[in-house]
Amino acid sequence: MAKFDIDGGLIRKLSKLLEETDLTEIEFESEGQRIRVARNSGGYRESYIPVAETGKQAGTAEEQAEKTASAKSDHPGAITSPMVGTAYVASEPESPPFVKVGDKIREGQTLIIVEAMKTMNPVLALRDGTVKEILVENGDPVEFGEALMIIE
Amino acid sequence: MAKFDIDGGLIRKLSKLLEETDLTEIEFESEGQRIRVARNSGGYRESYIPVAETGKQAGTAEEQAEKTASAKSDHPGAITSPMVGTAYVASEPESPPFVKVGDKIREGQTLIIVEAMKTMNPVLALRDGTVKEILVENGDPVEFGEALMIIE
Amino acid sequence: MFEKILIANRGEIALRIHRACREMGIHTVAVHSTADADAMHVRLADESVCIGAAPSKDSYLNIPAILTAANITNADAIHPGVGFLSENAHFADMVSEHGITFIGPSAEHMRLMGDKISAKAKIKELGLPVVPGTDEAITDIDEALVTAKSIGYPVLVKASGGGGGKGMKVARSSEGLRSAISLAKAEAKAHFGNDEVYLEKFLSNPRHIEIQILADQHGNVVHLAERDCSLQRRHQKVLEEAPSPALNAATRDKIGAKVVKAIRKLGYYGVGTIEFLYENGKFYFIEMNTRLQVEHPITEMISGIDLVREQIRVAAGAKLDLVQKKLQFSGHAIECRINAESPETFIPSPGRITDYHAPGGLDVRVDSGLYSGYEVPSHYDSMIAKLIVRGRSRNECLMRLRRALEEFVIGGIETTIPLHQRLITEPDFINGDYDIHWLENLLGI
Amino acid sequence: MFEKILIANRGEIALRIHRACREMGIHTVAVHSTADADAMHVRLADESVCIGAAPSKDSYLNIPAILTAANITNADAIHPGVGFLSENAHFADMVSEHGITFIGPSAEHMRLMGDKISAKAKIKELGLPVVPGTDEAITDIDEALVTAKSIGYPVLVKASGGGGGKGMKVARSSEGLRSAISLAKAEAKAHFGNDEVYLEKFLSNPRHIEIQILADQHGNVVHLAERDCSLQRRHQKVLEEAPSPALNAATRDKIGAKVVKAIRKLGYYGVGTIEFLYENGKFYFIEMNTRLQVEHPITEMISGIDLVREQIRVAAGAKLDLVQKKLQFSGHAIECRINAESPETFIPSPGRITDYHAPGGLDVRVDSGLYSGYEVPSHYDSMIAKLIVRGRSRNECLMRLRRALEEFVIGGIETTIPLHQRLITEPDFINGDYDIHWLENLLGI
């Protein structure tokens, strides 16, 4: 099979056109070549939740923060919490934190501790990298899967 | 790969056309080139009616007939009933019908009679033409707006 | 019992009637305008007939079209619903003349109660308390001034053929009365084609309390307690509750018994509502509605009785199987009328429903023809849904209503849901402490 | 009363509990798996915490995660719902150890009733009728043969730690008994890690009738009549009704009084259900469920009592304000469990709900977390909605159920709605003439 030479710039251009024009699909064929781009043609909005706004007693700011956290957990460099619990960024209240933004870290290094049921569960780095962002503060409650920090 | 020459202006033009025409898709092919644009219409089906099939006691055949009639009433040459009532295609049971398929008709001519509340309401031709199709039989009940015949 | 009922109405009430018919094993015919071809009740009905164009006069008020539809579908009864032709005695006569049963009272009773002056006179004769005032139309201003003085200001000038607040003016002095009469006459003329007006005592802070009655053609009459409909905006009911926070059991039984006696004497049959103003422990008759009411579900929720079913049964000549002393009214029910309107400006908001999700769970009832993708037409009344909630106590009912309103989603248009959410947080409302002016004061009208 | 309740469950029952809490002014915490982040009750709850991955063992059965979530949200009580941890005495203990109230009975009562042999012994001691059989685990085949002979064939071999029909085998003769015992032991071992089995009389055509009880921590006990849950498929209830078409008032009162007496003696508190087989006018205890039941709404519909509210109240130590002789059961209620399954093959049908429209109107209740666009996850139980309908009579209830099923739209997946539509047209069902085998016979299983 001949090497398929994908023109990234072209796709980006089409993608922008899709966005700009609010189209869901563009298909183009020329001299034996054909390209088609599409975006989410579900027929309804993804994960539409029909909940009256007033149903939520929690403030919208909180909800916004939640959304951001959820977006962060999809980040490829996100370190997510393996359990629901309380996050500790240092071993003792007075101790320096395990890591700071900008730190170079090594695989296996403790990044943070999540306490649940009085047991301390260290969250370890799975590869070398640099701490780009720490998303929780000492003592914050964290959900399962919540992004704790971003390593790149 | 040969440079793919996307005409952004063309897509924008097609996008506008989609909007203007309320189409959901345009596909174009010319001298080895083909372009297709699409857009979702609305996010829900048009006039979607969430009724369980069993809710309708009337048979599906009847429903089908209804749909056809409704489609016919959109026909540009359709003569529709001005009221709910009973359609009569002739002035007396034994008389010949007012018009037959293939008849040339003249503006003002009686095409059919709709009886309601014991009054006879003649339906007149609004322009000259030819009877293409007669959609009701003598004595049929008809709804308001129901297509009675097609004149072309 | 009837084989097939034609439902001469639209919207949620047409669906309500369809449901009762289906549950009784009666076939239904939906008649509809071109604007309602996709309505829920039209799709659910056994048969449907398009009877005219969108304007009501061409369809839902088009008597020949409705009768023709009944004839071609062989319907043996017509249910007029509420509004439209439901209080039209001429229509009831026409229906009977065509050998079809009109589901409602006799045309004579409709005619009697349709005229405010004759209604008041009759009710007075039947022994029910009425608002002090003239029994006759005002013909002479000087006479009116004398009467007003004897009643005591403020007085109300009302159109004889009126309703919905049209042709009504308050006068607080003799000077005011002159202009009130001429204004009321002009409005009455414009709206009802009849400039007859009459005088009545104006009550300052009354509640609107109405008694639901149900009577058969064999002289059996029961009342199903009261509804408090004091929350009104421009004489339109917004939220109703049963029982009234202002009545105790003794007062309820007393007025109920009086009403039952009067209705029996009247020989009335069908469902009906006697509307009263209630102030300082006294009832004053205002009018009788000779039909189903929009707010009938709250009575159903506290009595356990399906009013539409009973209405159909008595129209068919069946005997009531209800006995007053065995009837129990338990718990508390509230209905919120949800309109396609801005909850602040009340400007109508027709259009397409993009999302629809009704609340569920214990003692929550929704009467609505809405669905996702439905287009609310601009030709008709803006009421699109009724949320009815019951609780064992008024407080439980309020709490349940709060959570049900939270769950209710109607997207794509504006609705009055936020207004109801606001209402149920108002201390006066929570305390049941309101009169017919309270809502308009709250809204600053 | 509690300030904040954590709901340790999912689906419609989590929504049901949320509704009761909201109506009592109690804040709610929804804990959920990653698969349920978009669930209705999660969105409606005051707070939500993701406690683990989609498999139940990682989330809804994950005790440390649930307790941690309760701690970090400061919940003062946990409602376990039905299924999952609701009958787990160890969980109840852990909850208490953390200073949180477990909304349910004492762990001891859960433990006692969780073991079928100890439950049966205790119930017998309390004076309730049990199915004749051994009180102890079978250790010796010859002894079992003697016992079986004295009970009379057919006999049933049942796993001590079992449930849901696993580890249950019928033997119709002494030869059959040997293989039934070894098969049941093997199944019990595989499913419950415990191969203890025991013997019981096998009833040929019994009905499944259960009595709902409600008790506080002060010795007050009431029963809320019975539910008939005989319509089962593979030991899963499909449709339930209250009252049972097979019981009259005298029989109801008699068994109800017996149950109340036994429960008082037991010192049990919370809601609970005593399940019986009922054949030839006799009741035989099968098990006690120490939790809310899926089918609790039909009891609510005929009693007017909010069972979840009462359950929360008694867990908080409040006294029952119900007195047996003042309780009235009126009308008839039926619940249809609607599953995301083929109505013919019962193959699960998870997936996205494209259209959702719940039926409305008088005495129709829907308990469901569904909405248009919701994705039914494949990880859990297939029950997605409960349709509960009430009527003044059983016939009225059936007619209403028919029309409600007609209105119910769940698009995008297969559901068991058509099965229910078929059931209510079956003459045996209409006559109330069915036993626990009837449905499987109808389906040809």
Side-chain angles (χ1 to χ4, degrees), chain C residues 12 15-16 18-25 40 43-44 296-297 300-301 304-309 321 328 330-331 354-374 385-392 395-404 406-407 409, chain D residues 12 15-16 18-25 40 43-44 296-297 300-301 304-309 321 328 330-331 354-374 385-392 395-404 406-407 409:
Chain C
E12 65 81 25
L15 179 59
R16 170 71 189 92
H18 165 80
R19 284 170 170 163
C21 292
R22 287 295 290 157
E23 293 175 7
M24 297 173 81
M40 178 75 87
R43 303 296 303 206
L44 288 170
H296 76 277
E300 297 182 323
M301 297 291 267
I305 291 162
D306 182 336
L307 271 170
V308 180
R309 181 191 191 91
D321 55 6
Q328 287 193 331
S330 73
T354 52
D355 311 317
Y356 180 72
H357 194 86
L362 180 62
D363 278 341
V364 171
R365 165 178 174 184
V366 175
D367 278 24
S368 174
L370 292 190
Y371 56 83
S372 291
Y374 175 73
K386 302 189 307 204
L387 170 62
I388 307 111
V389 166
R390 184 190 169 278
R392 281 199 297 160
N395 184 53
E396 195 177 295
C397 183
L398 285 174
M399 294 294 276
R400 185 160 290 148
L401 181 55
R402 185 183 70 152
R403 78 96 180 143
E406 282 170 8
E407 290 180 20
V409 178
Chain D
E12 65 81 25
L15 179 59
R16 170 71 189 89
H18 165 81
R19 285 170 169 164
C21 292
R22 288 294 291 157
E23 293 175 7
M24 297 174 81
M40 179 74 87
R43 304 295 302 207
L44 288 169
H296 76 276
E300 296 182 323
M301 298 292 267
I305 289 162
D306 182 335
L307 272 170
V308 181
R309 181 191 191 91
D321 55 7
Q328 287 193 331
S330 72
T354 51
D355 313 317
Y356 180 73
H357 194 86
L362 179 62
D363 278 341
V364 172
R365 166 178 175 184
V366 175
D367 277 25
S368 174
L370 293 190
Y371 55 85
S372 291
Y374 175 72
K386 300 189 307 204
L387 170 62
I388 308 111
V389 166
R390 186 190 166 278
R392 281 199 297 160
N395 184 53
E396 194 177 298
C397 183
L398 285 174
M399 294 294 277
R400 184 160 289 146
L401 181 55
R402 185 184 70 152
R403 80 95 181 142
E406 281 171 9
E407 290 181 20
V409 178

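In the text below, chain A, chain B and the rest are named by the order of the sequence lines, each starting its count at 1.
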Could you tell me which of D:V366, D:D363, D:L362, D:D367 has the largest number of non-hydrogen atom pairs under 4.5 Å with chain C?
D:L362
Do C:E396 and D:R309 meet the salt-bridge criterion of a basic N to acidic O distance under 4.0 Å?
yes
Which of C:R400, C:E12, C:M301, C:M24 touches chain D most, by non-hydrogen pairs under 4.5 Å
C:R400
Heavy-atom distance under 4.5 Å to chain C: side chain of D:Q328, backbone, both or neither?
side chain
Check: D:E23 main-chain N/O paired with C:R402 side-chain donor or acceptor under 3.5 Å
no
Can you tell me how the ring of C:H357 sits relative to the ring of D:Y356, calling it parallel under 30°, perpendicular over 60° and tilted otherwise?
parallel
Minimum side-chain heavy-atom gap C:V364-C:R403 below 4.5 Å
yes
Between D:R16 and chain C, which part of the residue has a heavy atom less than 4.5 Å away: side chain, backbone, both or neither?
side chain
Among D:D306, D:L15, D:I388, who wins on heavy-atom pairs under 4.5 Å with chain C?
D:D306
Contacting moiety of D:R19, where chain C heavy atoms sit under 4.5 Å
both
Less than 4.5 Å apart, any side-chain heavy atom of D:R365 and any of D:E300?
yes
